[in-house]
Amino acid sequence: MASRDATVEPITSSVSDTMLPSETGETKLPVKKIPGDYGLPFIGPIKDRLDYFYNQGRDKFFKSKIQKYQSTVIRTNMSPGPFIASNPKVIALLDGKSFPILFDVSKVEKKNLFTGTYMPSTNLTGGYRILSYLDPSEPTHTKLKQLLFFLLKSSSNRVFPEFEACYTELFKTVENELNEKGQSSFEKPNEQAAFNFLGRAYFGSNPVDTKLGTDGPSLIAKWVLFQLAPVLSLGLPKYIEDLLIHTFPLPSFLVKKDYKRLYDFFYESAGSVLDEAEKMGISREEACHNLLFATCFNTFGGMKIFFPNMLKWIGNAGPDLHRSLAKEIRSVIKSNGGELSLGAMEQMPLMKSVVYEAFRIEPPVPAQYAKAKVDLLIESHDAVFEVKKGEMLFGYQPFATKDPIIFERAEEFVPERFMGVEGEKLLKHVFWSNGPETEHPTVENKQCAGKEFVVLISRLFVVELFRRYDTFEIEVGTSTLGAAITIKSLNKTSF
């Protein structure tokens with residue numbers, strides 16, 4: 001949840017004797033030593049970990065360091081530290097100008113950095129290093145990313161009908177619970193709809209009609225927990241939780257049977273995609289583990305986190321925005337003969353802007369990592385910093401996408417922010433997909449293979465919501481990942 005406490009104030013830098021031209025060539029910036037320190041060995045990383053999770057919380061943790069060092073590029077330790085990560089030392093990039101260096105794979109390496117300063121055991125992924133952990137320089141990266149592009153292309157004709165079918169079921173479930181109890185949790189219906197949709201759209205297989213039944217979302221949640229526990233807080237007492245999940249990795253054998261159930265579903269459902277993998281020189285087994293990860297961790301995980309977050313921001317924006325969205329969406333669909341299509345959605349500028357603004361204000365993945373391949377110069381708004389080859393870079397994405405120097409009213413949800421020519425120019429500063437919104441995933445970069453797919457289904461969610469309802473009311477709570485939404489009312493369409 002965004003907080004006013006997280007606002008990053010512009011830093012006024014002192015003039016240095018050494019000056020370098022900025023990337024734009026318009027001004028000269030001082031070359032400065034990166035401020036900050038790592039503290040005493042072992043003690044420093046643990047202190048930073050306790051501050052990050054408990055004493056301050058992550059936004060205040062970074063904000064306090066920005067204020068202390070008067071810089072948005074600083075040295076610090078990142079969790080989990082001892083004993084899970086051998087080296088917790090990072091250079092933190094906490095503004096929208098320095099952050100994009102994390103995407104430049106000619107200058108940085110992304111090998112084994114998907115989860116940060118540690119890597120979960122490959123026992124959790126069938127013994128394979130999954131695509132997310134591969135650097136583009138590794139030959140397998142190209143093959144596996146091409147396989148995901150094939151998956152997306154081969155399933156494209158099923159996306160619209162299956163999304164409508166699965167989310168029609170979600171809205172029925174929510175309405176029934178509202179009628180019975182006066183309120184409805186969004187979490188479980190959303191997770192079941194998301195997993196059913198992905199199985200049906202990607203592979204033409206409905207999970208609930210297989211041996212998985214309705215267990216898919218809970219199996220995924222447990223499996224993901226074993227990978228992300230070192231960088232999560234579960235709300236347990238501070239020292240118990242820190243010892244339990246931040247000090248030693250959870251043993252992978254405890255989730256082995258759950259993972260096998262998921263794997264069997266994908267192996268049985270993804271036959272045509274696995275056939276294509278073999279033609280590309282990828283074993284069916286390695287391909288299946290990657291399809292499982294891409295579907296369950298990447299895409300399902302994104303829908304699990306982002307859809308409630310998006311609903312939170314739209315819900316809290318109030319009925320005026322709701323009516324404007326409903327009017328735009330319904331009129332465009334009507335003018336397109338009652339049919340929803342890609343072309344029709346391109347005619348909905350407010351809806352598109354709302355989705356982009358949700359990605360900007362609360363990106364579903366807050367952290368990005370990379371390791372310097374060569375000596376680098378990294379530029380913030382105020383200075384230029386020298387980074388040595390081999391040093392770890394960490395970017396805290398919510399500060400980059402809420403940079404007040406780039407975005408006016410950066411902490412506010414502004415629905416129309418990305419509308420019009422000037423609004424579209426700001427899209428290059430929206431980074432949720434491990435790359436700018438204005439760029440596209442290729443085998444040469446680390447941008448999310450399903451970037452366009454995720455934008456599409458996020459738009460579809462908003463469209464399906466306002467095809468049915470004029471406005472709605474929610475109550476917002478917190479969960480381990482994202483927002484916990486309770487729907488209090490749904491006002492059905494009146495026009």
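For reference, positions follow the sequence shown, starting with 1. Just so it is clear, the model here is predicted, and its values are computed rather than measured.
For the salt bridge (charged side-chain N to carboxylate O under 4.0 Å, His left out) condition, the pairs that include at least one residue of residues 272-296, sequence neighbours left out, are Asp275-Arg284, Glu278-Arg284. Sequence neighbours left out, not one pair with a member in residues 290-302 passes side chain to side chain donor-acceptor pair (under 3.5 Å). Applying the side chain to side chain donor-acceptor pair (under 3.5 Å) test to pairs two or more places apart or on separate chains, none has a residue in residues 149-161. For residues 136-163, the pairs satisfying ring pair (Phe, Tyr, Trp, His ring centres under 6.0 Å) are Phe163-Tyr167, Phe163-Phe197, with sequence neighbours left out.
For Glu422, the side-chain hydrogen bond (donor to acceptor under 3.5 Å, both in side chains) test picks out Lys425, with sequence neighbours left out. Residues that satisfy the side-chain hydrogen bond (donor to acceptor under 3.5 Å, both in side chains) test with Gln146, not counting sequence neighbours, are absent from this structure. Annotation: side-chain contact (heavy atoms from CB on, under 4.5 Å) contacts of Ser137 (sequence neighbours excluded): Asp135. Checked against side-chain contact (heavy atoms from CB on, under 4.5 Å), Ser489 has the following partners two or more places apart in sequence or in another chain: Glu473, Asn491. Remark: Phe495 pairs with Ala326, Lys327, Arg330, Asp470 by the side-chain contact (heavy atoms from CB on, under 4.5 Å) rule, at least two apart or across chains. Qualifying side-chain contact (heavy atoms from CB on, under 4.5 Å) partners for Arg261, counting only residues two or more places apart in sequence or in other chains: Leu212, Asp215, Leu219.
Checked against the 6.0 Å centroid criterion, the rings of Phe265 and Phe203 do not qualify as a close aromatic pair. Ring-centre distance between Phe99 and Phe399: not below the 6.0 Å cut-off. Ring centroids of His289 and Tyr259 are separated by less than 6.0 Å, placing the two rings close together.
Side-chain contact, Ser341 with Glu339: no donor N or O sits under 3.5 Å from an acceptor N or O. Between the side chains of Glu175 and Tyr469, a donor-acceptor pair is found at a separation under 3.5 Å.
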- Message: Could you walk me through whether Thr117 and Tyr369 satisfy the side chain to side chain contact (heavy atoms under 4.5 Å, CB included) test, starting with their C-alpha distance in whole Å, then the side-chain angles of each, then the deciding distance to 0.1 Å, before giving a yes or no?
- Response: CA-CA 8 Å; Thr117 58; Tyr369 289 84; 4.0 Å; yes
- Message: Walk me through whether Tyr263 and Phe266 qualify under ring pair (Phe, Tyr, Trp, His ring centres under 6.0 Å).
- Response: CA-CA 5 Å; Tyr263 179 86; Phe266 282 88; 8.6 Å; no
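Both the sub-6.0 Å distance and the 45° axial angle are not jointly satisfied by Arg468 relative to the ring of Phe171.
Note on Glu109 versus Lys371: no salt bridge recorded, every NZ/NE/NH1/NH2 to OD/OE distance being 4.0 Å or above. With respect to the salt-bridge test (charged N to carboxylate O, under 4.0 angstrom), the residues Lys188 and Glu191 do not qualify.
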Which pairs of donor and acceptor atoms, one on a side chain in residues 480-488, lie under 3.5 Å apart (sequence neighbours left out)?
| unit_1 | atom_1 | unit_2 | atom_2 | d |
| --- | --- | --- | --- | --- |
| Lys488 | NZ | Gln183 | OE1 | 2.7 |

Donor-acceptor contacts, no H, no angles, side chain residues 449-458, under 3.5 Å, sequence neighbours left out:
| unit_1 | atom_1 | unit_2 | atom_2 | d |
| --- | --- | --- | --- | --- |
| Lys451 | NZ | Glu437 | O | 2.8 |
| Lys451 | NZ | Glu439 | O | 2.5 |
| Glu452 | OE2 | His440 | ND1 | 2.6 |
| Ser458 | OG | Val454 | O | 2.8 |

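Relative ring orientation between Phe413 and Trp313 is described as parallel, the plane-to-plane angle staying below 30° on a 0-90° scale split at 30° and 60°. Ring orientation note: the planes of Tyr52 and Phe62 are nearly perpendicular, at an angle over 60° on the 30°/60° scale. Between Phe53 and His246, the angle of the ring planes stays under 30°, which puts this pair in the parallel group of the 30/60° scheme. Ring planes of Trp223 and Phe297: perpendicular class, angle over 60° (limits at 30 and 60°).
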